[in-house]
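Below: the structure, in C-alpha cells.
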Amino acid sequence: MSRLSIGSKIHDLSVSTIQGGTIAIPNKSSSLIHIQFRRHAGCPICNLHMRSVMKRYDEIRAAGVEEVVFFHSKEEDMKDHLGSLPFACVADPGKDYYKVFGVETSLVGYLNPKNLIAAIKGTKELDPRIYTRRPENGNLGMPADFLINSDGAIVDLKYGTYADDQWTVDEILAKATSLRSHN
C-alpha cells in the first residue's frame, strides 16, 4: 500500500454510508470533501474526535467542507453510536478504502503516550459496552485526513503517526479558508 500525495487524483468513488445514503468522491457540488480515516467504531479516541467535529459541524459546512468518515468496522457495530452523526460515515471492515488511500497501522503509533489523555477522556464519555468489545481489525490503525477538491485532486493531507494525531476542527477550517483565498 502506498501513500498518496498532494496533487494525487481520486477518481469516481461511490461509497455507501451507514445512514443509508451514497456519497460521490469527488463531489462536484461541494467545494471540498474532508475524508477522515479513523480506527474502529468503538475507539474512544476516535469517538472523542467525532464529537468535536459534530459540535462544530455547522461551521465546517459553512466553510464549504463536506465530511466523510471511514471506520474499519462493520456497519452494525457503527450504527449504535455513529449512525446519528450529521455527516457521512462509511463502514470499511475489509479496509478496501484504507488501502486505496495508503492508510496504515502502527504498533509504535498505538503505544505512543500522547494517545493516553484522549483515550481516558473518550472512555469516560462512551458506553462501556462499545469499547470493551474486541475491535475488528485491531487497535493498531492510524488516522488520516484528506482534503479533496471538486475535481478529485488532493489539496492537503495528513497521515497520523499516532492514534490521536488528526486535524482539529480549527485546522480543517483554516485549511478551507486558505484554499478559498488562493482560488
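We use all heavy atoms of the structure for the numbers below, so side chains are in, but hydrogens, waters and symmetry mates are not.
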Close side-chain approach of Val90 and Val69, heavy atoms under 4.5 Å:
no

Taking every non-hydrogen atom, the tightest pair across Ala91 and Ser73
CB-O, 3.3 Å

Minimum heavy-atom distance between Ala163 and Pro143, given as atom pair plus value
O-CG, 3.7 Å

A side-chain contact here means heavy atoms from C-beta on lying under 4.5 Å apart; do Ile60 and Val169 qualify?
yes

In Å, rounded to the nearest 0.5 Å, how long is the span from CD1 of Ile172 to OG1 of Thr177?
11.5 Å

Is Phe71 reachable from Tyr162 through a run of hydrophobic residues whose side-chain heavy atoms are each under 4.5 Å from the next?
no

Apply side chain to side chain contact (heavy atoms under 4.5 Å, CB included) to Thr22 and Thr17, showing your working.
CA-CA 6 Å; Thr22 303; Thr17 70; over 6 Å; no

Working to the nearest 0.5 Å, report the span between NZ of Lys55 and CZ of Arg51.
7.0 Å

Any side-chain to backbone donor/acceptor pair from Ser8 onto Leu4? Under 3.5 Å, distance only.
no

Thr105 side chain to Gly141 main-chain N or O, any donor-acceptor pair under 3.5 Å?
no

Are side-chain heavy atoms of His34 and Trp167 found at a separation under 4.5 Å?
yes

Can you confirm whether the side chains of Gln166 and Gln36 place a donor and an acceptor under 3.5 Å from each other?
no

Dump the intermediate steps for side chain to side chain contact (heavy atoms under 4.5 Å, CB included) on Glu66 and Asn27, then the final yes or no.
CA-CA 9 Å; Glu66 182 175 357; Asn27 187 334; 2.9 Å; yes

Would the number of heavy atoms belonging to other residues, nucleotides or ligands and lying under 6.0 Å from NZ of Lys158 be above 12?
yes

Would you say Glu67's side chain and Tyr57's backbone share a donor-acceptor pair under 3.5 angstrom?
no

Distance, nearest 0.5 Å, that separates CD1 of Ile23 from OG of Ser16
10.0 Å

Taking NZ, NE, NH1 and NH2 as the nitrogens, is one of them in Asp170 or Arg56 under 4.0 Å from a carboxylate oxygen of the other?
yes

Atom CG in Leu13, atom CD1 in Ile148: separation rounded to 0.5 Å?
8.0 Å

If two hydrophobic side chains count as joined below 4.5 Å and joins carry through other members, does Val68 share a cluster with Ile10?
yes

Is there a donor-acceptor pair under 3.5 Å between the side chain of Asn149 and the backbone N or O of Asp151?
yes

Ignoring hydrogens and geometry, is there a side-chain-to-backbone donor-acceptor pair from Lys74 to Asp92 under 3.5 Å?
no

Is it true that the side chains of Thr161 and Asp165 contain a donor and an acceptor less than 3.5 Å apart?
yes

Check against ring pair (Phe, Tyr, Trp, His ring centres under 6.0 Å), Tyr159 and Phe146:
CA-CA 9 Å; Tyr159 286 98; Phe146 299 86; 5.4 Å; yes

Roughly how far, to the nearest 0.5 Å, is the NZ atom of Lys79 from the OG atom of Ser84?
12.0 Å

Rounded to the nearest 0.5 Å, what separation is found between the CD atom of Glu76 and the CE atom of Met78?
10.5 Å

For Gln19 and Cys89, what are the C-alpha separation, side-chain angles and deciding distance, and is it a side chain to side chain contact (heavy atoms under 4.5 Å, CB included)?
CA-CA 7 Å; Gln19 293 95 342; Cys89 293; 3.9 Å; yes

State yes or no: are the ring centers of Tyr98 and His72 separated by less than 6.0 Å?
yes

Does the pair Lys175 and Asp156 meet the rule for a salt bridge (charged side-chain N to carboxylate O under 4.0 Å, His left out), with working shown?
CA-CA 8 Å; Lys175 290 172 185 306; Asp156 207 342; 3.1 Å; yes

Ala176 and Ala63: which non-hydrogen atoms are nearest, and at how many Å?
CB-O, 4.0 Å

Measure the acute angle between the ring planes of Phe70 and Tyr97, then classify it against the limits of 30° and 60° as parallel, tilted or perpendicular.
tilted

What I want to find out is whether Arg3 reaches Glu104 closely enough, with some N-O distance under 4.0 Å, to be called a salt bridge.
yes

Is there a side chain to side chain contact (heavy atoms under 4.5 Å, CB included) between Asp145 and Leu157? Walk through the geometry before answering.
CA-CA 5 Å; Asp145 292 275; Leu157 60 80; over 6 Å; no

Checking the side chain of Asp12 only, and the main-chain atoms of Ile25 only, is there a donor and an acceptor separated by less than 3.5 Å?
no

